[in-house]
Engineer: 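First, the structure itself, so that you have it in front of you.
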Amino acid sequence: MRILFSIFILLSISACSNNQSPADSLSNNQVKYLTVLHTNDNHGRFWHNEKGEYGMAARKTLIDELRNDAKQQGHAVLLLSGGDINTGIPESDLQFAEPDFKGMSLIGYDAMALGNHEFDNPLDILKKQQQWANFPLLSANIFDKKTGKNAFQAYKIFNKQGLKIAVVGLTTTDTAKIGNPQYIGGLEFKEPVAVTKALVENIKAQYQPDITIAVTHMGHFVDANYGINAPGDVTLARLLPSNTLDMIIGGHSQEPICMAGENINDDDFRPGKACKPDQQNGTWIMQAHEWGKYVGKAEFKLENGQLTLLDYKLLPVNLYIHEQQADGTTKPVLANEYITPNPELEAFLAEYQAKGAKQIEGKIGFVDAKLEGDRNKVRFEQTNLARVIIQAQMNTVGADFGVISGGGIRDSITAGEVSYKDILKVHPFKNRITYMDWKGQELWDYLEIVTSFPPDAGAYLQYHKLSFIRDNGELKQVRINGEPLNVEQTYRMSINSYNASGGDGYPILVDRKGYVSTDETDAQALKRFFEANSPVKVAEFSPK
Ligand SMILES: [Zn+2]
């Protein structure tokens with residue numbers, strides 16, 4: 001592995017030293033240079049973490065430097081994001097990622113791909129975000145079901161330093177499966193290969209771009225092993241005719257794409273180390289992990305229609321690594337020379353950070369032991385946190401019992417004081433509380449489906465005040481609140497809007513008689529529960 005690396009570095013260096021100087025390139029129309037800078041999967045991280053890692057203000061300092069250096073060398077510069085700006089940090093979520101989109105505008109992004117999490121909010125919020133951004137949010141494969149037309153801007157043509165660059169956006173078709181059906185019901189996510197092939201043919205005929213880039217939010221899966229996910233960037237590059245795309249700037253799988261060899265991931269990559277991006281069917285594929293931890297920098301030379309990657313780096317943004325000490329202990333040290341955050345952007349974002357923190361930090365309740373919300377628990381077995389969540393939702397709508405899918409629970413709550421921040425980590429998606437009034441027979445038919453979802457999936461059913469047996473696949477002995485289910489009786493079931501809209505493959509309830517949606521979100525309901533019932537005693541919610 002190390003040998004391969006060294007060869008790559010040597011090749012890069014020798015390629016650099018053989019270059020014509022920038023002065024030559026300006027006098028020679030045949031040779032042009034492009035630097036592509038990229039990030040992806042910001043997920044609400046406009047502010048640095050407790051250790052001072054990443055954050056948009058330091059990112060701006062680094063990008064300003066890289067852009068100036070590249071311009072001085074006669075390079076065209078493009079700054080792209082692989083999408084998923086939304087969702088992950090309460091301070092950002094509560095403000096609908098306004099600081100994140102405005103921060104990106106101030107940093108000078110040229111374009112981004114729409115990620116699946118851009119659909120976590122209603123579409124009118126996304127419209128607002130498009131206004132906060134002074135750059136386009138691109139996706140060529142999302143269509144309006146009614147009109148059959150592109151729902152978003154599909155591509156943009158850039159003219160920089162005499163280079164014409166086409167940038168096409170693409171979004172994972174998994175958005176249709178994992179996005180909130182309430183918000184994306186009117187959108188069709190088309191298979192990207194056919195869309196890209198046709199679109200790029202048109203763009204090339206109309207504009208004759210020197211370089212064609214796809215900025216995507218589809219994920220990078222080594223050797224196209226995408227498993228249960230929708231196919232990602234590797235599949236796209238392999239299935240397109242070669243020479244369709246020069247490079248794919250991606251996101252979604254939230255990894256540094258650093259390869260140890262052909263179709264072999266470099267598991268030893270660490271911040272500050274060399275990184276060789278993937279290349280499939282002549283198309284470079286790059287991704288910069290997540291949260292703005294790195295800025296990817298790719299330097300290209302275009303000569304006689306031939307695009308050559310001169311150098312590639314994943315530049316860490318104030319990341320710490322654990323350095324082994326002589327006495328066997330480890331010490332955190334910066335992987336890069338400290339990057340001073342840009343003071344203007346830091347001041348601008350600090351106001352949003354303070355506003356968000358104020359909204360969420362106060363104590364709202366108390367719990368006497370841990371409430372289990374770990375991903376490896378809530379998708380496999382009944383947990384106490386699921387029961388507290390469902391009780392809170394039942395209380396909101398006066399339900400007899402309730403259900404939610406395990407995949408909707410995103411974090412645990414530790415023993416002690418509870419803040420709104422803790423709750424928003426459990427419930428980042430702002431689903432609404434809804435309910436269904438129906439006869440026992442209809443309910444039985446519904447339960448036959450949702451109780452059959454297997455563990456190890458987001459769909460796995462969490463339930464409260466409900467019991468049943470599944471015997472050889474057959475549903476038996478259903479009890480609601482301890483009483484046998486009566487097919488003639490009417491029951492009220494609480495459920496969130498995500499599952500009621502068909503999320504995680506649940507039967508769609510929203511257009512059925514007896515369905516009612518409230519305006520209360522799951523986070524608000526859980527907050528109210530802690531405010532009214534603290535100290536919450538975990539033993540009362542222990543799954544039997
Ligand atoms: Zn994503």
Side-chain angles (χ1 to χ4, degrees), residues 38-46 54 80-89 92-93 96-97 100-101 104 109 111-123 125-126 129-130 133 137-142 151-152 168-184 187-192 196 214-222 224-236 248-257 278 285-294 296 375 379 405 407-408 410-411 425 427-431 457-458 498 503-504:
H38 64 98
T39 63
N40 53 278
D41 292 274
N42 171 74
H43 285 299
R45 265 69 175 194
F46 69 89
Y54 51 87
L80 301 173
S81 164
D84 266 8
I85 309 311
N86 282 287
T87 309
I89 294 290
S92 167
D93 299 346
F96 298 113
D100 305 83
F101 280 97
M104 286 176 75
Y109 278 78
M112 66 171 262
L114 276 158
N116 53 299
H117 284 287
E118 269 62 82
F119 299 93
D120 287 346
N121 301 303
L123 292 180
I125 298 288
L126 179 53
Q129 295 178 336
Q130 286 175 304
L137 284 62
L138 301 176
S139 186
N141 67 318
I142 308 179
F152 300 93
V168 175
L170 292 167
T171 306
T172 175
T173 55
D174 267 346
T175 309
K177 203 165 79 190
I178 57 188
N180 190 329
Q182 254 191 323
Y183 307 146
I184 59 169
L187 300 175
E188 187 188 356
F189 295 78
K190 287 195 184 172
E191 196 281 310
T196 307
V215 63
T216 73
H217 191 84
M218 293 167 50
H220 174 264
F221 306 108
V222 173
N225 288 319
Y226 51 86
I228 59 161
N229 304 290
D233 297 329
V234 174
T235 306
L236 175 70
I248 297 171
I249 302 296
H252 189 51
S253 45
Q254 298 185 216
E255 58 178 317
I257 300 182
D278 201 357
I285 305 176
M286 297 155 175
Q287 191 179 144
H289 201 184
E290 61 184 5
W291 307 351
K293 287 176 178 172
Y294 301 88
R375 187 185 170 92
R379 293 166 182 239
S405 59
R410 310 303 283 197
D411 208 346
K425 283 181 184 160
H427 281 319
F429 298 124
K430 302 175 276 283
N431 294 310
Y498 174 73
D504 278 334

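Start at 1 and go down the list; that is how both ligands and their atoms are numbered. Being a predicted model, the structure only gives us computed values, none of them experimental.
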Engineer: If I consider every N, O or S atom in His252, which one ends up closest to the Zn ion (ligand 1)? I only need its name.
Structural biologist: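 This residue's closest N, O or S atom turns out to be ND1.
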Engineer: Answer yes or no as to whether an N/O/S atom of His217 is found below 2.8 Å from the Zn ion (ligand 1).
Structural biologist: yes
Engineer: Checking one value in my table: which N/O/S atom of Asp84 lies closest to the Zn ion (ligand 1)?
Structural biologist: OD2
Engineer: Taking the six-membered ring for Trp, are Tyr294 and His289 parallel (under 30°), tilted (30 to 60°) or perpendicular (over 60°)?
Structural biologist: tilted
Engineer: Please give me the minimum heavy-atom distance between Ala288 and Gly296, naming the atom from each residue.
Structural biologist: CB-N, 4.0 Å
Engineer: Can an N, O or S atom be found in Gln254 less than 2.8 Å away from the Zn ion (ligand 1)?
Structural biologist: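 So Gln254 does not bind the Zn ion (ligand 1) by this criterion.
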Engineer: Within the 3.5 Å criterion, strictly below it, is a donor on Asn42 or Asp100 matched to an acceptor on the partner's side chain?
Structural biologist: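 Checked: Asn42/Asp100 side chains pair up, N/O donor to acceptor below 3.5 Å.
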Engineer: What's the separation between atom CE in Met286 and atom OG1 in Thr216, rounded to the nearest 0.5 Å?
Structural biologist: 12.5 Å
